[in-house]
Amino acid sequence: MTPPRLRFAPSPTGYLHVGGARTALFNWLYARRHGGQFLLRVEDTDKARSTDASTRAIFEGLEWLGLRWDEEVVYQGASAARHRADAERMVANDHAYRCFCTAADLDFRRKLAEANEGAFKYDRRCDELDRADVARRVAAGEPNVIRFRVPEGSTGWTDLVHGEISFPNKDIEDFVVLRSDGTPIYNMAVTSDDIAMRITLVMRGDDHISNTPKQIMIYRALGEALPQFAHLPMIHGNDGKKLSKRHGATAVADWQHEGILPQAMVNFLSLLGWSPGGEFDEVMSIDELIAKFDASGLRKTASVFDTKKLEWMNGQHLVRMPLGELSPLVRRKLASAGLATEADLAARPEWFNALLELLRVRARTVDDIVRQARPFLSDTVGYDETAAARAWKDTADARALLAAAREVLAACALWEHAALETDLKSLAEARGLGVGKLFGPMRVALTGEANSPGMFDVLILLGRDVALFRLDAAIRELDRRTG
RNA sequence: GGCGGUAUCGUCUAGAGGCCUAGGACGCGGCCCUCUCAAGGCUGUAACACGGGUUCGAAUCCCGUUACCGCUACCA
């Protein structure tokens with residue numbers, strides 16, 4: 001069995017969206033799993049809609065996901081001469097013919113047919129033309145397209161996802177393969193390119209199922225061996241409709257900017273339309289995915305992009321990934337948020353790693369970590385009003401508690417977990433309070449928030465100086481509030 | 001309209017005739033843990049689109065209906 005060759009063939013007409021990313025991923029996984037090649041082809045034949053910015057966005061999206069392609073990128077637009085030559089070859093070997101019907105005429109006939117019920121199908125009138133006549137009109141420069149002559153019978157294949165699929169040829173009209181300006185129609189270009197790239201497995205969205213018989217006919221007309229086909233189901237938004245801007249972030253770059261990890265995105269996407277089968281741990285590394293991926297696990301049904309589950313998945317990867325990998329990521333985000341400089345954080349790696357360990361377990365995105373890190377990095381804290389309203393309900397009481405805590409902490413012999421716990425617990429006990437009643441007001445004083453890591457962790461991370469400073473500040477704030 | 005594809009909890013799915021009074025995961029609810037929030041553990045909620053067959057027996061096979069999606073362009 002020769003190594004398979006697959007390709008991802010996006011049109012550069014926008015960002016890389018999650019559906020395209022999933023298609024690319026499955027192609028890539030299949031190639032990696034079976035020791036084959038994963039190629040990238042940019043289908044830029046539609047010059048009006050294609051942009052360089054989109055092409056770059058697609059590259060960047062694939063790179064971010066870690067889907068490295070083999071060989072040089074193929075630009076479809078660069079092969080126009082071959083597309084045309086292939087179309088003309090089909091005329092030469094009698095599988096296609098010249099058609100002189102104009103677009104306007106066709107349009108008229110189509111409307112007429114539809115008005116009188118019944119779908120319009122090209123009537124092959126130009127296939128009746130005399131050969132000499134055709135040659136003369138072509139020589140005279142009369143505009144013409146090349147139409148494929150659809151044979152009798154039916155056209156089918158064994159789809160890796162759907163099994164046997166076949167179409168009666170009578171339902172397929174003699175379709176155009178080359179426009180009058182000499183440029184190819186999609187099905188011509190794709191087939192010509194897939195042949196040239198020696199693609200052995202065409203894996204793409206199932207919106208191409210109806211195109212497949214036409215492409216198969218072209219392969220045959222050109223005397224080429226057929227590749228295998230696999231048509232993947234689509235990904236929909238949470239309303240069950242096709243993904244669009246309305247559904248929020250459908251661009252992989254948007255998720256990147258919201259703090260989703262590429263490995264989590266890959267993992268999540270891999271489970272949309274594919275399953276290893278049986279019971280398994282859904283959280284998987286890229287290597288595990290490659291090892292497990294197989295066409296037999298491909299599913300037929302469209303799936304909904306569930307952002308909640310993506311976020312959960314991201315949280316799982318956040319906790320499991322090596323700290324050494326997470327650390328620079330967060331440092332970069334912290335720096336661009338203006339909360340710290342990368343140099344400062346790099347200078348105290350142990351402290352920073354301890355912080356990350358505490359925060360990542362309660363975060364779902366990298367951005368969550370950044371938000372939660374604020375009290376540990378900025379000089380002062382702002383008090384969250386709902387948190388303050390609850391924990392400092394009785395200001396006099398809270399003030400007294402914080403003053404007492406300040407005193408205990410200032411005198412605490414050792415600034416470490418055990419000592420802090422002993423001292424603070426005895427303070428609470430002396431006052432006849434549960435520790436919660438003491439830690440609540442302290443938490444707001446120290447972090448400004450209602451939620452944070454455990455009190456002793458917070459104190460240790462902050463250090464004695466900052467902790468005492470914040471308690472003082474909170475006491476002053478409470479004085480102010482009391483009036 | 002014609003042709004093609006699809007149909008299991010709200011969502012992702014397991015299931016390839018009896019193992020299914022349908023399993024897992026996300027979400028949601030409860031309990032435990034607990035200084036808060038997470039994480040973790042336990043647990044509850046919730047599905048075979050509908051109708052006919054085939055079979056001793058169907059979520060699984062066949063047919064029809066319905067719904068959704070795609071194609072039906074000198075778009076990709």
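A, B, ... follow the sequence lines: proteins, then strands. Residue 1 opens every chain.
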Check nucleotides 38-46 of chain B against the protein and report each pair of N or O atoms closer than 3.5 Å, with its distance, or say if there are none.
unit_1	atom_1	unit_2	atom_2	d
A38(B)	O2'	V361(A)	O	2.8
A39(B)	O4'	V361(A)	O	3.4
G40(B)	OP1	Q316(A)	NE2	3.4

With the threshold set at 4.0 Å, does a side-chain nitrogen-carboxylate oxygen contact exist between [X] and [Y]?
X       : Y       : result
R84(A)  : E88(A)  : yes
R82(A)  : D194(A) : no
D368(A) : R362(A) : no
R124(A) : D174(A) : yes

Distance, [atom1] atom - from [M] to [N], rounded to whole angstrom:
N      : M      : atom1 : answer
U65(B) : A59(B) : P     : 23 Å
C33(B) : G15(B) : P     : 38 Å
A47(B) : A22(B) : P     : 9 Å
G10(B) : U54(B) : P     : 32 Å
C9(B)  : C69(B) : C1'   : 22 Å
A76(B) : C71(B) : C1'   : 13 Å
A67(B) : C31(B) : C1'   : 41 Å
A46(B) : C63(B) : C1'   : 31 Å

### Query
Quick one: on RNA chain B, does G297(A) or V435(A) contact a more 5' nucleotide (nearest heavy atom)?
G297(A)
### Task
Would you mind classifying the nucleic acid contact of G273(A) as base, sugar-phosphate or nothing, using non-hydrogen atoms under 4.0 angstrom?
sugar-phosphate
### Query
Within the side chain of K121(A), is there an N or O that forms a donor-acceptor pair under 3.5 Å with the backbone of K170(A)?
yes
Using Watson-Crick or G-U wobble geometry with both distances under 3.5 Å, which nucleotide pairs with [N]?
N      : answer
G29(B) : U43(B)
U6(B)  : A67(B)
U60(B) : none
G1(B)  : U72(B)
C19(B) : none
U54(B) : none
C35(B) : none

Would you kindly give the [atom1]-to-[atom2] distance between [X] and [N], to the nearest whole Å?
X       : N      : atom1 : atom2 : value
L359(A) : U36(B) : CG    : P     : 18 Å
W274(A) : A25(B) : CH2   : P     : 18 Å
M284(A) : C12(B) : CE    : C1'   : 12 Å
R390(A) : U36(B) : CZ    : C1'   : 8 Å
F305(A) : G10(B) : CZ    : C1'   : 17 Å
N451(A) : U34(B) : CG    : P     : 19 Å
M313(A) : G27(B) : CE    : P     : 11 Å
F439(A) : U36(B) : CZ    : P     : 10 Å

Do [X] and [Y] get their side chains close enough for a donor-acceptor pair, meaning under 3.5 Å?
X       : Y       : result
N144(A) : S180(A) : no
D206(A) : H162(A) : no
W157(A) : D159(A) : yes
E164(A) : T158(A) : yes
Q215(A) : N187(A) : yes
N169(A) : S154(A) : no
R374(A) : S378(A) : no

### Task
Treat primed atoms plus P, OP1 and OP2 as sugar-phosphate and everything else as base, then score nucleotides 15-24 of chain B 5' to 3': B for base contact with protein heavy atoms under 4.0 Å, S for sugar-phosphate contact only, - for none.
--------SB
### Task
Any chance you could list the contact pattern along nucleotides 59-67 of chain B? Use B for base contacts, S for sugar-phosphate-only contacts and - for none, protein heavy atoms under 4.0 Å, 5' to 3'.
---------
### Message
Can you tell me if S275(A) touches the phosphate of A14(B), counting only side-chain N or O atoms and a distance under 4.0 Å to OP1 or OP2?
### Response
yes
### Task
May I ask you to check if R98(A) and F100(A) form a cation-pi contact, with NZ or CZ under 6.0 angstrom from the six-membered ring centre and within 45° of the axis?
no
Identify all pairs in which a protein N or O lies below 3.5 Å from an N or O of nucleotides 73-75 of chain B, and state each distance.
unit_1	atom_1	unit_2	atom_2	d
C74(B)	O2	S180(A)	N	3.1
C74(B)	O2	S180(A)	OG	3.0
C74(B)	N3	S180(A)	OG	3.0
C74(B)	N4	C101(A)	O	3.2
C75(B)	OP2	R179(A)	NE	2.0
C75(B)	OP2	R179(A)	NH2	2.5
C75(B)	O3'	R179(A)	NH2	3.1
C75(B)	O2'	D46(A)	OD2	3.4

Is the gap between the ring centers of [X] and [Y] under 6.0 Å?
X       : Y       : value
Y97(A)  : F148(A) : no
H208(A) : Y186(A) : yes
F175(A) : Y122(A) : no

### Task
Hey, could you give me each pair passing salt bridge (charged side-chain N to carboxylate O under 4.0 Å, His left out) that has a residue in residues 294-309 of chain A? Not counting sequence neighbours.
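The answer is E282(A)-K309(A).
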Please list, pair by pair, any protein nitrogen or oxygen found under 3.5 Å from a nitrogen or oxygen in nucleotides 3-7 of chain B.
unit_1	atom_1	unit_2	atom_2	d
G5(B)	O3'	H162(A)	ND1	3.0
U6(B)	OP1	H162(A)	ND1	3.1

### Task
Look at the aromatic rings of F59(A) and Y75(A) and report parallel, tilted or perpendicular, splitting at 30° and 60°.
perpendicular
### Message
More than 12 heavy atoms of other residues, nucleotides or ligands under 6.0 Å from CG of D52(A): yes or no?
### Response
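No.
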